[in-house]
Amino acid sequence: MPTVELTLGQALRGGGNSAGSFSEEMEVVEIKPVTSGKLRDVVGNGTQRWFQETLELAQAGEYRQMALLGEMLAEGYGCAVDHEAAKMW
């Protein structure tokens with residue numbers, strides 16, 4: 001299963017967000033559950049789906065999910081490492 005790679009350039013359309021404002025332009029990608037196959041593929045798929053769910057909730061204004069999204073972006077958990085986007089969230 002391919003990994004969803006989101007970088008700041010891909011995630012933010014138009015950019016130019018000031019500090020303290022959160023982009024609602026980050027791309028939410030539908031990831032279908034993997035229910036069989038190699039364990040690493042199933043687990044990897046789960047983390048990608050968790051990232052996407054966290055992104056949706058963060059965009060909706062859930063402050064705890066905003067903090068979690070920043071950590072996920074900083075560590076590359078379910079996405080590509082993106083320190084700039086992590087700082088924004």
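The model shown is predicted, which means the values in this text are computed figures rather than measured ones.
- Here the CG-CZ distance, from Leu73 to Phe51, works out to 4.5 Å after rounding to the nearest 0.5 Å.
- No side-chain heavy atom of Trp89 sits less than 4.5 Å from a side-chain heavy atom of Leu68.
- Other members of the cluster containing Val43 are Leu39, with ILVMFWY side chains joined at under 4.5 Å, either directly or via other members.
- The two residues Gly70 and Ala86 make their nearest non-hydrogen contact at O-CB, 3.2 Å.
- Note: Gln48 CD to Cys79 SG = 9.5 Å, rounded to the nearest 0.5 Å.
- In this structure Glu62 satisfies the side chain to side chain contact (heavy atoms under 4.5 Å, CB included) test together with Leu57, Gln65, sequence neighbours excluded.
- For the residue pair Pro33 and Asn45, the shortest heavy atom distance occurs at CA-OD1, 3.4 Å.
- Atom CD of Gln52 sits about 9.5 Å away from atom CG of Leu69, to the nearest 0.5 Å.
- Across all non-hydrogen atoms, the minimal contact from Trp50 to Tyr77 is CZ3-CE2, 3.2 Å.
- Expressed to the nearest 0.5 Å, how far CG of Leu55 lies from CE of Met66 amounts to 11.0 Å.
- Taken from OG1 in Thr54 to CZ in Arg64, the straight-line distance is 13.5 Å, to the nearest 0.5 Å.
- Using a 4.5 Å heavy-atom cutoff, the side chains of Val81 and Glu75 are not in contact.
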